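Taking it in order: structure first as structure tokens, then the write-up.
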Amino acid sequence: MMLFADPLFGLPSWIDAIIRIVIVVLVMTVFVIYSTYGERKLVARFQQRLGPMRTGPWGLWQGFADAIKLVGKEDIRPKNADRWVFELAPYATFIPVLLTLMVLPFAENWGVRNLALGVFFVFAVLGLNIVGILMAGLGSGNKYALLGAVRAAAQMISYEIPLVVSLLCVVMITGADTGNGVGTLNLNTIAALQEDRPYIVLQPLAFLIFFTAMLSELHRAPFDIPVAESEIVGGYFVEYSGIRWSMFQLTEYASMWGFAVFGSVVFLGGWAWPFGVDSHWALQLATTFTKALAIVVVIIWIRTTVPRLRIDQLMNFSWKVLLELSFLQLIVNGIILYYDWPQELLALTSAVGAGFLIFLIIRHASARSTKGLLGTYRTLGASSS
């Protein structure tokens, strides 16, 4: 089936585009509903609880019950809020995420549109998400919402740079794989080039940088400082309620699934690996979904195990660690590819860099934990004496 190339049911192109968008929105909404349910159940298992169990068998209808509740809740606008900015902010955050889903290939020639500049389009559109977040913070007339919006904007701008550079490392390798020396930004082509081996094998450091920056872009733990309830109550959407609050929730989980599919296509072989480009479309869809689901599970797992970073730690990690390592990986890739050295060197150098990054994280976390424990013991000793 050629869902990228052929109009559905032979309809005009503009009607075809509308139908595809409606299909994506409906599928995304169902995914988000069950993502919230799945996260609550998974976190409950990590914490030795049962999670939702009352609404439907094993709590399967809990997500739909929450959605109905949010639709029926009163939509409140603060008295000091800027009406138009406040009400348009949820749409300004949701539409960019929706547009990114339009170019993701879920299987060979399965998607809404197959763009030659798919990678560039994704990050050009995602950059607009910052505008909606700032609108929500500024339009709410609340200092805590404004602080959360400023934090989110600074964080997203900082982590977008290593994120984009890590993807450029992969694009450079696609030029060698195509044989013409010119990298491709077409997501469908990038997936097909990984038929024999995924790019995570050649670029483990780039994948770690991508995954870490992705957590920051999603405002997921340990990078959830823009919505830190202990400091700024609820972040940039603290004044929202009802259906408008649910749009921010929808945006968060849709972004998580969008990034998961995007990462599976760029680094994990997408629909092409390990069964090849000639496999059945149903197997390709299942392959992409399984890889994306694995990334989502890891995201949730990290949320339950890693504490929140302070704002200074968060910014330092981007500018002083990830940015330098991403540019170093880019330079090393350029040298190896320019002199046409074996691709095994790409894997070796990137693996060394990934090991160094993991070493820095573990060492920093251990040092912080030790200092915290020593400080606690000293405080307790001083108080007891």
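These figures come from a predicted structure and were not determined experimentally.
Between L285 and W271, the closest side-chain pair of non-hydrogen atoms is not below 4.5 Å. Residues T212 and F317 form a side-chain contact, since some pair of their non-hydrogen atoms from C-beta on lies under 4.5 Å apart. At least one side-chain heavy atom of T36 sits under 4.5 Å from a side-chain heavy atom of Q249. The shortest side-chain heavy-atom distance between Y91 and M247 falls under the 4.5 Å cut-off. At least one side-chain heavy atom of T184 sits under 4.5 Å from a side-chain heavy atom of L193. Contact check for I302 versus R220: no side-chain heavy atoms found under the 4.5 Å cut-off. Using a 4.5 Å heavy-atom threshold, the side chains of F123 and L167 count as touching. Between Q203 and N333 the shortest side-chain heavy-atom distance falls below 4.5 Å.
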| request: For M172 and L346, run side-chain contact (heavy atoms from CB on, under 4.5 Å): C-alpha distance rounded to whole Å, both residues' side-chain angles, the deciding distance at 0.1 Å, then the answer. | output: CA-CA 11 Å; M172 293 174 67; L346 291 170; over 6 Å; no
| task | Please assess V265 against L104 for the test side-chain contact (heavy atoms from CB on, under 4.5 Å), listing each intermediate value before the final yes or no. | result | CA-CA 8 Å; V265 170; L104 296 179; 5.8 Å; no
| query | Stepwise, does the side-chain contact (heavy atoms from CB on, under 4.5 Å) test hold for I358 with L208? | reply | CA-CA 9 Å; I358 294 173; L208 284 179; 4.1 Å; yes
| message | Show, in sequence, the C-alpha distance, side-chain angles and deciding distance for F211 and F267, and conclude whether the ring pair (Phe, Tyr, Trp, His ring centres under 6.0 Å) test is met. | response | CA-CA 10 Å; F211 187 84; F267 288 99; over 10 Å; no
| request: Go through the steps to decide whether D82 and L138 satisfy the test side-chain contact (heavy atoms from CB on, under 4.5 Å), and finish with yes or no. | output: CA-CA 8 Å; D82 187 314; L138 289 169; over 6 Å; no
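At a threshold of 4.5 Å between side-chain heavy atoms, the hydrophobic network of Ile, Leu, Val, Met, Phe, Trp and Tyr places F259 and I95 in one connected group. Residue I311 is grouped with residue F223 when hydrophobic side chains (ILVMFWY) are merged at heavy-atom distances under 4.5 angstrom, including chains of intermediate members. Clustering ILVMFWY residues whenever any of their side-chain heavy atoms sit less than 4.5 angstrom apart, transitively, puts L187 in the very cluster that holds L117. Linking ILVMFWY side-chain heavy atoms closer than 4.5 Å, directly or via other members, places V201 and L357 in a single hydrophobic cluster. Taking hydrophobic clusters as Ile, Leu, Val, Met, Phe, Trp and Tyr residues chained together by side-chain heavy-atom distances below 4.5 Å, V298 shares a cluster with I362.
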N/O donor-acceptor pairs under 3.5 Å from side chains in residues 318-326, not counting sequence neighbours:
| unit_1 | atom_1 | unit_2 | atom_2 | d |
| --- | --- | --- | --- | --- |
| S318 | OG | S158 | O | 3.0 |
| W319 | NE1 | S158 | OG | 3.0 |
| E324 | OE1 | V321 | N | 3.4 |
| S326 | OG | L322 | O | 3.0 |
| S326 | OG | L323 | O | 2.7 |

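Nearest approach of L202 to S350, heavy atoms of both residues: O-CB, 3.5 Å. Nearest heavy-atom pair, L50 versus M53, reported as atom, atom and distance to 0.1 Å: CB-CG, 3.9 Å. The two residues L337 and A176 make their nearest non-hydrogen contact at CD2-CB, 3.9 Å. Annotation for T251 and T93: closest pair CG2-O, 3.4 Å, computed over non-hydrogen atoms. The nearest pair of heavy atoms linking P96 to V125 is O-CG1, 3.2 Å. Of all heavy-atom pairs between I336 and P342, the closest is CG2-O, 4.0 Å.
With hydrogens and angles disregarded, no donor-acceptor distance shorter than 3.5 Å links the side chain of Q329 to the backbone of S166. Of the possible donor and acceptor atoms, none in the side chain of Y159 sits under 3.5 Å from a partner among the backbone N and O of L215. The backbone N or O of L218 sits nowhere less than 3.5 Å from a side-chain atom of S255 that would complete a donor-acceptor pair. In terms of modelled atom types and a separation under 3.5 Å, the side chain of T288 and the main chain of V261 share no donor-acceptor contact. Remark: the backbone N or O of I190 is paired with a side-chain donor or acceptor of Q194 at under 3.5 angstrom. R151 contributes a side-chain N or O that, together with a main-chain N or O of I225, makes up a donor-acceptor pair within less than 3.5 Å.
Using bins of under 30°, 30° to 60° and over 60° for the plane-to-plane angle, the ring pair W245/F237 lands in the perpendicular bin. Between Y339 and W341, the ring planes are parallel. Angles under 30° get that label, and only those over 60° would be called perpendicular. Using bins of under 30°, 30° to 60° and over 60° for the plane-to-plane angle, the ring pair W301/F46 lands in the parallel bin. A tilted orientation is assigned to the rings of F262 and F210, their planes being inclined by 30° to 60°. Aromatic ring orientation, Y34 versus F64: perpendicular (interplanar angle above 60°, classes split at 30° and 60°).
Note that the CD atom of Q343 and the CG atom of L348 stand 13.5 Å from one another [nearest 0.5 Å]. One finds the CG atom of L163 at 10.0 Å from the CD1 atom of I209 (value rounded to the nearest 0.5 Å). Taking CZ of R308 as the reference point, atom CZ of R303 lies at 10.0 Å (rounded to 0.5 Å). Of the inter-residue distances, the one linking N114 atom CG with M102 atom CE reads 14.0 Å to the nearest 0.5 angstrom. The distance from atom CE of M315 to atom CD of Q155, rounded to the nearest 0.5 Å, is 8.0 Å. Rounded to the nearest 0.5 Å, atoms OG1 (T290) and CD1 (I295) are 11.5 Å apart.
Here the two rings, on F207 and Y199, have centers that are 6.0 Å apart or farther.
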